[in-house]
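Heavy atoms only: backbone and side chains are in, while hydrogens, waters and symmetry mates are out. Protein chains get the first letters and strands the later ones, always in sequence-line order, with residue 1 at the start of each. Since we're looking at a predicted model, the values are computed, not measured.
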Number of protein chains: 2
Amino acid sequence: MGRDDNDSSPQMGTALVHSMLEQRQDQAAGGRLVVNGGQPCRACPLADCEGLRQPPPDVRDWIAAFRHGDMRFARGEQVYAQATRPRFLYTVLSGVLMRSRLLEDGRRQIINFMFPGDFIGLQAALDAEMGHAVEAMTNVTLCTFVRERFFDLVAQQPRLSFDLTWLAAHEEAALEEHLVSLGQRNARERMAALAVFLVQRGIDTGIAPDGVLTLTVTQGQIAEMLGLSLVHTNRTLQALRRIGLVDWTLTSIRIPDIAAARAFAKIDGSVFSSRPYI
Amino acid sequence: MGRDDNDSSPQMGTALVHSMLEQRQDQAAGGRLVVNGGQPCRACPLADCEGLRQPPPDVRDWIAAFRHGDMRFARGEQVYAQATRPRFLYTVLSGVLMRSRLLEDGRRQIINFMFPGDFIGLQAALDAEMGHAVEAMTNVTLCTFVRERFFDLVAQQPRLSFDLTWLAAHEEAALEEHLVSLGQRNARERMAALAVFLVQRGIDTGIAPDGVLTLTVTQGQIAEMLGLSLVHTNRTLQALRRIGLVDWTLTSIRIPDIAAARAFAKIDGSVFSSRPYI
DNA sequence: GTGCTGCTATGTCAAATGACAGGGTTGGTT
DNA sequence: AACCAACCCTGTCATTTGACATAGCAGCAC
């Protein structure tokens with residue numbers, strides 16, 4: 001292994017490090033707010049989503065008053081930088097994002113991906129620093145809330161508070177699954193598990209209706225998610241393609257036999273009830 | 001690697017598998033309830049803990065009425081089995097536990113450790129199956145709550161609801177850190193990071209006052225936490241001892257220079273405010 | 001004592017994974 | 001066209017890590 005124990009050799013191409021630093025700069029996202037005064041929640045794109053449990057009308061009205069506006073980010077832009085305490089919290093309205101954590105020496109671990117309906121910034125809401133960065137993987141639109149008013153939500157809307165806890169607990173469960181991957185599965189199993197995870201979330205959130213998730217994930221990102229080197233990621237991906245287990249290109253993921261892929265990756269089929277959202 | 005890609009070779013000593021199966025049987029924990037009618041919360045052992053934020057008196061009274069009793073488990077006993085939906089939720093009053101997740105073929109991943117003040121069973125509270133098992137690493141005493149009444153807590157006590165979300169978010173942050181370990185750190189860094197994590201939690205919860213955590217962790221458990229083989233865990237542990245970075249025996253963990261260990265493991269020193277508890 | 005069990009330690013070899021170096025493709029820009 | 005930036009791919013070799021086999025040692029029951 002080249003990460004020699006403690007001398008912190010460069011570890012990533014300078015190009016990558018460079019781009020990371022650039023991203024760090026346009027972190028603020030300050031001026032870009034687009035308040036969507038018009039039809040806030042009545043036209044919420046999440047209302048059509050099969051996989052989401054819709055809030056009752058009165059709660060929806062409350063959210064409409066609570067929410068602040070919309071915001072858009074382009075693919076590659078950073079929504080949160082690590083170790084900041086931002087002003088806004090978000091719900092994903094459309095698009096996919098990822099959260100990642102950076103080590104001082106440049107190594108980066110992608111923690112998880114966020115799909116429509118997911119809530120962003122819970123750690124920030126609780127007066128803590130963000131332990132990770134959040135970056136858009138596609139063009140995204142986010143529903144924004146003001147952090148300071150977060151406690152109003154908890155105090156006034158036990159239903160939403162419950163939902164928020166629900167989301168946090170299920171996010172935790174997803175991280176557990178990723179931990180199992182990194183700790184116990186070998187490279188091919190990990191990659192299969194990740195593919196199944198992504199496609200399943202795509203199906204559940206309605207953005208991969210026919211079982212094909214259109215999402216551009218570079219092999220470098222896969223490597224950073226799975227804790228593998230870029231080269232080994234490439235080879236493993238090719239191996240899975242050769243077997244016919246997954247059909248994963250730069251821009252889309254397709255799994256011919258998802259049950260077979262689950263079995264291969266040793267994923268126990270826990271069925272999730274439909275997710276709430278805020 | 002011996003985990004050859006998909007043939008699921010035995011992978012663990014038969015003795016270990018055997019003991020796991022045994023543990024699976026005494027899972028119910030049904031009849032062992034010890035209702036502590038006397039002085040429930042006034043004498044709460046957590047009240048003395050420096051690292052915990054104490055609830056205000058009225059909330060404490062509410063908890064006293066909400067809580068159900070005490071329960072004790074001996075080292076090695078299982079509190080929750082995986083994929084069950086238990087009747088009780090717990091707060092750790094004393095002792096240390098671990099949560100782990102089992103794969104069908106016997107591989108096991110330890111997810112995290114739980115110290116006094118931690119809340120157990122949030123997933124269960126939200127009507128989901130437990131995705132993991134919970135096992136006592138020492139003799140423990142737990143404060144029990146009835147799962148069905150969980151929504152009362154959310155509805156009636158926004159403060160506690162907030163605290164619960166706080167705990168969930170910070171548990172998530174801990175899992176993120178473990179993910180970074182498994183994904184980006186090599187064996188020695190992982191082990192140092194784990195040692196620092198455990199000792200720090202021990203200090204914060206007052207059970208390692210002099211910086212020495214008395215807790216018996218076998219090398220097999222370390223291996224299952226860090227995603228390493230038992231043999232490699234042994235060798236790595238010896239290497240760390242040789243360097244003088246950690247002094248980790250079967251029954252205790254001591255870190256001569258915790259700052260050095262942090263630097264070695266590349267842990268960024270995020271300072272946590274004091275944790276709430278319920 | 002003898003056996004047994006759980007844990008730690010070591011030696012040897014094999015497999016998984018990473019490092020390094022280089023080439024190829026695509027797409028955008030000037 | 002020439003250049004450049006991302007990204008994907010391949011070959012070769014080094015390192016990390018795992019598998020297997022075995023031994024030692026403490027505790028404990030009988």
Does the separation of the ring centres of B:Tyr90 and B:Tyr80 fall below 6.0 angstrom? yes

Pair B:Arg99 + B:Asp118, salt bridge at N-O below 4.0 Å: no

Whole angstroms only, please: what is the NE2-P distance between A:His232 and D:dC9? 15 Å

So which one's nearest nucleotide on DNA chain D is more toward 5', A:Leu250 or A:Val231? A:Leu250

Roughly how many Å is it from CD in A:Gln219 to P in C:dG24, rounded to a whole number? 18 Å

Whole angstrom value for the distance that separates P of D:dA6 from CE of A:Met137: 17 Å

Residues A:Arg185 and A:Glu177 bridged, charged N to O under 4.0 Å: yes

Without decimals, in angstroms, what is the distance between B:Leu230 CG and D:dG18 P? 10 Å

d(CZ, A:Arg107; C1', C:dT17) in whole Å: 15 Å

Which residue, B:Thr218 or B:Gln238, contacts DNA chain C at a nucleotide closer to its 5' end, judged by nearest heavy atom? B:Thr218

Nearest-nucleotide wise, let me know which of B:Gly220 and B:Arg235 is further upstream toward the 5' end of DNA chain C. B:Gly220

To the nearest angstrom, the CG-C1' distance between A:Asn234 and C:dT17 comes to 14 Å

Scan B:Arg241 against the nucleic acid and name what it touches under 4.0 Å (heavy atoms): base, sugar-phosphate only, or nothing. sugar-phosphate

With a 4.5 Å heavy-atom cut-off, do B:Ser100 and B:Glu135 have their side chains touching? no

